[in-house]
Amino acid sequence: MNTWSAIAAASMLIAAAMSGLYWRERQRRLLLSQEMDGLNKQLSIKSTGDAMPGLLTRAVFDTALARKSQKVDGGGGSFGVLYVALDNFVLLNDAFGNEAGDRLLKDVSRRLSLSNGAKTQACHIGVGEFALIVEGGQHSASASAQRVSDALAVPFTYEAIRAQLTCSIGIAVYPDHGAISKLLGNAALAMRSVKLNGGSDFCLYDPKMGLEVREQALLFNDLRSALDKGEFELYFQPKIDAISLQVTGAEALLRWHHPERGLVSPVVFIPLAEQYGLIGPIGHWVIEEACRKAARWREQGLRMRVAVNISGYQMREDDLVNRIEAALQRNGIQPERFTCEITESVAMEDTKVTQLTFEKMRDAGFHVSIDDFGTGYSSLAALRKLPARELKIDRAFVSDLEESEDARSIAQSIVNLATALNLRVVAEGVETAGQRDLLVAMGCNELQGFLFSMPMPAYELERLALHEHQPDEMEFRKSLFSETYLGKLR
Ligand code: C2E
Ligand code: MG
Ligand code: MG
């Protein structure tokens with residue numbers, strides 16, 4: 001090939017590559033714009049036409065908004081709009097049925113209509129979503145939002161049902177936060193921002209929130225195809241027996257290898273997956289993959305329990321336990337070697353469906369662990385009823401152990417409570433030898449944390465177990481799989 005034909009061939013290759021890139025980018029933009037349309041549709045404020053006690057119709061509410069803004073334009077001052085979204089309405093509706101859900105919405109409406117005085121102007125805007133006009137500037141609108149939260153925090157009680165609601169509130173103030181035509185939309189963006197940060201709070205609109213929501217839309221768009229593209233991987237972090245320092249099990253922690261962003265933390269994408277209905281298939285994959293890895297370890301002669309985090313959504317799936325049983329059977333793993341980690345806040349959800357799943361888990365023989373214990377509001381009676389075998393002390397108490405007397409008292413109380421209820425106690429997030437010594441002295445049964453090992457890919461855990469690669473921490477090296485490893489050598 002002469003020089004010119006070589007250059008021509010190279011140009012054609014570059015052109016082909018560029019056009020591939022162009023089409024990929026175009027496709028991505030198209031998907032993104034579809035995603036944004038969907039999001040905007042969700043954000044666009046539509047009247048539901050429902051008649052709710054004490055609330056204005058949407059048309060009357062809009063007129064009231066327009067009048068208020070004209071008054072401010074003419075005479076100064078300001079007013080706010082609160083966008084109130086019930087965090088767990090869909091869950092409660094699913095759990096108690098539509099009739100109870102309707103009743104609950106009506107009672108919420110009544111409370112909202114009185115939350116800021118008898119003349120509160122409010123309307124129902126979407127499923128479990130409301131808008132309120134409140135007096136004053138940013139400070140007083142925030143105080144009104146606090147009053148709404150307080151009004152809804154009081155449990156709703158119907159015969160045998162006791163529903164505890166939380167809400168996310170976005171606040172936009174006129175004229176500080178833009179034109180009147182954008183006010184409700186901006187309050188909705190602020191509400192979304194609260195939800196993205198865990199919900200159950202309120203915040204004022206900030207122009208950056210548009211970007212934040214757009215960023216989430218981009219991430220969500222990629223998340224939808226992550227499973228099909230094989231971008232998920234399970235990392236594992238060992239749980240160590242506090243006395244023998246031997247590994248008793250490994251917790252599966254999900255990681256997302258994003259093609260451009262690199263490794264994305266589950267703290268970022270699990271809430272997104274939960275919020276937009278993707279956690280179902282992702283959760284199934286996690287269970288299947290954890291079982292596959294556990295089967296492989298067993299083949300290598302490693303005997304340990306495998307733990308999987310189960311989300312609130314999964315606890316409400318009626319076939320969850322059957323699915324786990326099938327995955328265990330396919331991979332030849334005994335049910336008692338499988339641990340389901342369920343956060344305290346989900347475990348304490350007093351819904352029939354969640355409690356039924358717990359019963360099924362007990363009947364199936366799984367090991368149930370209450371994760372992040374100490375951060376929720378457990379009642380002793382509810383805790384006693386759960387078929388749990390272990391409590392995991394939340395990292396927040398462990399990290400402060402050496403400095404804070406309060407953290408030590410809380411950790412000790414959790415250990416005492418667990419002992420009284422015949423539960424094992426695992427401390428998570430152990431980073432220092434000082435924390436380890438305190439926890440062992442308190443009577444903790446198992447420890448987990450960076451002191452022993454970071455979460456790592458399954459093959460690395462396997463290599464560590466077979467001593468092909470030595471970790472830095474002495475405790476970990478001495479203890480790791482010694483029983484099974486020695487068994488293998490013999
Ligand atoms: P978690 O179940 O409480 O997991 C413990 C978290 O603490 C993990 O974060 C772990 O990497 C981190 N950690 C462990 N030891 C230490 C330590 O010594 N110091 C510090 N600072 N952190 C430590 P990760 O992997 O980012 O996971 C965060 C949360 O995401 C998990 O909290 C769990 O609630 C959720 N998650 C992870 N994987 C899954 C999954 O497959 N399904 C569901 N539903 N949730 C998951
Ligand atoms: Mg966990
Ligand atoms: Mg935890």
Side-chain angles (χ1 to χ4, degrees), residues 198 223 226-227 231-240 249-257 262-293 305-317 320 323-324 327 338-347 357 367-376 388 390-402 411 414 425-436 439 444 446-458 461 473 475-476:
L223 188 60
L227 200 54
E231 291 169 0
F232 288 124
E233 182 179 4
L234 284 186
Y235 273 34
F236 291 87
Q237 188 181 37
K239 290 183 178 178
I240 318 279
E251 176 178 4
L253 293 160
L254 189 56
R255 298 291 180 261
W256 176 16
H257 295 280
L263 209 61
V264 184
S265 158
V267 179
V268 175
F269 68 84
I270 293 275
L272 209 57
E274 280 184 334
Q275 216 178 327
Y276 296 106
L278 291 180
I279 194 72
I282 295 177
H284 298 158
W285 180 86
V286 169
I287 291 165
E288 190 66 43
E289 181 68 2
C291 290
R292 267 199 298 267
K293 293 294 190 253
R305 196 184 297 284
V306 68
V308 160
N309 290 286
I310 305 283
S311 72
Y313 177 93
Q314 288 173 284
M315 287 299 284
R316 296 190 295 278
E317 288 178 322
L320 174 76
R323 271 178 185 277
I324 300 178
F338 188 83
T339 300
C340 297
E341 291 197 5
I342 296 135
T343 59
E344 182 189 10
S345 49
V346 170
T357 305
H367 195 102
V368 172
S369 170
I370 309 298
D371 205 351
D372 302 347
F373 194 80
T375 53
E390 82 181 23
L391 292 186
K392 292 184 81 176
I393 304 180
D394 191 72
R395 204 167 75 212
F397 306 116
V398 174
S399 64
D400 282 355
L401 268 188
E402 287 167 287
I414 297 178
V425 199
V426 182
E428 58 182 16
V430 185
E431 291 184 355
T432 68
Q435 291 166 356
R436 175 201 59 200
L439 289 160
C444 261
E446 286 178 39
L447 309 170
Q448 197 182 349
F450 296 167
L451 175 68
F452 305 100
S453 167
M454 303 283 285
M456 63 188 117
L461 192 69
E473 297 85 7
E475 312 286 358
F476 191 55

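When a ligand or atom number is given, it counts from 1 through the structure's own listing order. No experiment lies behind these values; they were computed from the predicted model shown. Below, all heavy atoms of this structure are taken into account, side chains as well, without hydrogens, waters or symmetry copies.
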What part of [X], side chain, backbone, both or neither, has a heavy atom within less than 4.0 angstrom of ligand 1?
X    : value
V286 : side chain
K392 : neither
Q448 : neither
M454 : neither

Show which atoms of ligand 1 fall inside a sub-4.0 Å distance from at least one heavy-atom site of [X].
X    : value
E428 : 3 (O)
V267 : 26 (O), 28 (C)
E431 : 17 (C), 18 (O), 19 (N), 20 (C), 21 (N)
Q237 : 14 (C), 15 (N)
D371 : 1 (P), 2 (O), 3 (O)
G429 : 15 (N), 16 (C), 17 (C), 18 (O)

Assign the ring pair W256 / F232 to parallel, tilted or perpendicular, where the plane angle (0 to 90°) is split at 30° and 60°.
tilted
Which option out of D372, L234, N309, L254 puts a heavy atom nearest to atom 42 (N) of ligand 1?
N309
Judged on heavy-atom distance to atom 30 (O) of ligand 1, which of P266, S453, P455 sits nearest?
P266
Between [X] and ligand 1, does any nitrogen or oxygen pair lie at a separation below 3.5 Å?
X    : answer
T343 : no
E274 : no
R395 : yes

Backbone of W285 reached by a side-chain donor or acceptor of E289 within 3.5 Å:
no
Donor-acceptor pair, side chain of Q435 and main chain of E402, under 3.5 angstrom
no
If you take all heavy atoms of P238 and Q448, which pair is closest and at what distance?
O-CG, 3.4 Å
Could you check whether atom 3 (O) of ligand 1 has a protein contact, counting only heavy atoms that fall below 4.0 angstrom?
yes
Any salt bridge linking E251 with K392? Criterion: basic side-chain nitrogen under 4.0 Å from a carboxylate oxygen.
yes
Check this for me, if you would: do R305 and E390 make a salt bridge, where the nitrogen-to-carboxylate-oxygen distance has to be below 4.0 angstrom?
no
Show your reasoning for whether side chain to side chain contact (heavy atoms under 4.5 Å, CB included) applies to E233 and L263.
CA-CA 10 Å; E233 182 179 4; L263 209 61; 5.8 Å; no
Tell me, do E428 and D372 make a side-chain contact under 4.5 Å, heavy atoms counted?
yes
Atoms of the protein (N/O/S only) found under 2.8 Å from the Mg ion (ligand 2)
E251 OE2, N309 OD1, E341 OE1, D371 OD2
